[in-house]
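A quick write-up on the structure given underneath.
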2 protein chains.
Amino acid sequence: MKDVVIDILKHNQLSITDNRLGILELFQKSSKALSHADIERLSEKHFDRVTIYRTLQTFVDKGIIHTIPTADNSIMYALCKEACSEGHHHDDHVHFLCGQCGTTYCLDNISIPEVNVPKDFIVHQTNVLVNGVCKNCR
Amino acid sequence: MKDVVIDILKHNQLSITDNRLGILELFQKSSKALSHADIERLSEKHFDRVTIYRTLQTFVDKGIIHTIPTADNSIMYALCKEACSEGHHHDDHVHFLCGQCGTTYCLDNISIPEVNVPKDFIVHQTNVLVNGVCKNCR
DNA sequence: ATTAATTTTGCAACAGCGTTGCAAATGAAT
DNA sequence: ATTCATTTGCAACGCTGTTGCAAAATTAAT
Ligand SMILES: [Mn+2]
Ligand SMILES: [Mn+2]
Ligand SMILES: [Zn+2]
Ligand SMILES: [Zn+2]
């Protein structure tokens, strides 16, 4: 586990620190998306708020994690499963938010449908967020 | 114009105040979605931040306007064109955010596509946010 | 038209999220 | 071990949104 995490950091030319190791392990262990608050709560060692923010930003920049826009105006983060790299994200899958347990899932296998916008509009990226009840809560 | 706005307020059993008249007129005039900051800036008379927040919340509750979740974690508001009522919104259209001018559009004619989630998930609502370049900016 | 009851507003205070500057601590390289 | 570059923690700040409460405005009743 720790080896995998170290490899990811090295591969992205990031120095190995307790903070980065800890946060990246949390993502590896979790099947759900995590918020900043989740990470602060779940971390074994205590890390400063600011450090966590900066680490998350670094991971997003490097293409290690991606952000998930939610309807309640909070930012969730999850591992990139596709081959994302610095400045080039390709996380075009559907996200699901369970209204019962609050869990955000990446539905990595479900691709974003085509959306017909007016012909004088140019589409760069489409985000799909599905709200409902997950398999554990029904 | 003002008559229309007054009718909407009366129809929703809201008392007629300068603040509500002003904000509702802004929405009637605008073809774009508006943020709290937009409203504060565009209002002729000065209204307290808190009053604006409360008015927006009231309008959302009454089904006069709906919120639009955006990727950059800010809330946009736009008039409900469909027949929304207190506690029952039916604003299931696609939203488009122009990366150039920052304008958020309601694409009222473009309905939300079906999304195939895993069969043990229950779908309540689907939000689709398209990012790109609008007709005025290309 | 006055008065009374209800609703709305402004102000002050507060909490949460995220950012920045800077000095101390840590990690990487020699 | 020493040096250099990067990361971290702390303090401070700005922005967004919320709450409590008294004053003002609106509505309803007389
Ligand atoms: Mn995802
Ligand atoms: Mn809309
Ligand atoms: Zn659930
Ligand atoms: Zn535009």
Considering the options B:Ile122, B:Val123, B:Val128, B:Asn127, which one meets the side chain to side chain contact (heavy atoms under 4.5 Å, CB included) requirement together with A:Val130? B:Val123
Among B:Val60, B:Thr70, B:Ile68, B:Thr67, find the one that has a side chain to side chain contact (heavy atoms under 4.5 Å, CB included) with B:Ile75. B:Thr67
Using whole Å, report how far [atom1] of [X] lies from [atom2] of [N].
{"X": "A:Leu14", "N": "D:dT7", "atom1": "CG", "atom2": "P", "result": "7 Å"}
{"X": "A:Leu21", "N": "D:dT7", "atom1": "CG", "atom2": "P", "result": "13 Å"}
{"X": "B:Gln13", "N": "D:dA28", "atom1": "CD", "atom2": "C1'", "result": "15 Å"}
{"X": "A:Asp38", "N": "C:dG16", "atom1": "CG", "atom2": "P", "result": "16 Å"}
{"X": "B:Lys45", "N": "D:dA24", "atom1": "NZ", "atom2": "C1'", "result": "12 Å"}
{"X": "A:Ile39", "N": "C:dG16", "atom1": "CD1", "atom2": "C1'", "result": "17 Å"}
{"X": "B:Ile23", "N": "C:dT8", "atom1": "CD1", "atom2": "C1'", "result": "12 Å"}

Determine whether the side chains of A:Asn19 and A:Thr51 contain a donor N or O and an acceptor N or O closer than 3.5 Å. no
Taking only residues two or more places apart in sequence, or in another chain, which ones meet A:Phe59 in a ring pair (Phe, Tyr, Trp, His ring centres under 6.0 Å)? none
Quick one, give me the B/S/- string for nucleotides 8-19 of chain D, reading 5' to 3', where B means a protein heavy atom under 4.0 Å from the base and S means that only happens at the primed atoms, P, OP1 or OP2. BBBB----BBBB
Centroid separation under 6.0 Å, is that true for the rings of [Y] and [X]?
{"X": "B:Tyr105", "Y": "B:His95", "answer": "no"}
{"X": "B:His66", "Y": "B:His90", "answer": "no"}
{"X": "B:Tyr77", "Y": "B:Phe27", "answer": "no"}

Donor-acceptor check, side chain of B:Thr58 to backbone of B:Arg54, threshold 3.5 angstrom: yes or no? yes
Identify whether the distance between the nearest side-chain nitrogen and carboxylate oxygen of A:Arg41 and A:Asp38 falls below 4.0 Å. yes
So if I take the C1' atoms of five pairs at each end of the helix from C:dA1-D:dT30 to C:dT30-D:dA1 and get each local axis, what angle do the two axes make, rounded to 10 degrees? 30°
Can you see if the side chain of B:Ser15 gets near the phosphate of C:dT8 - specifically, an N or O under 4.0 Å from OP1 or OP2? yes
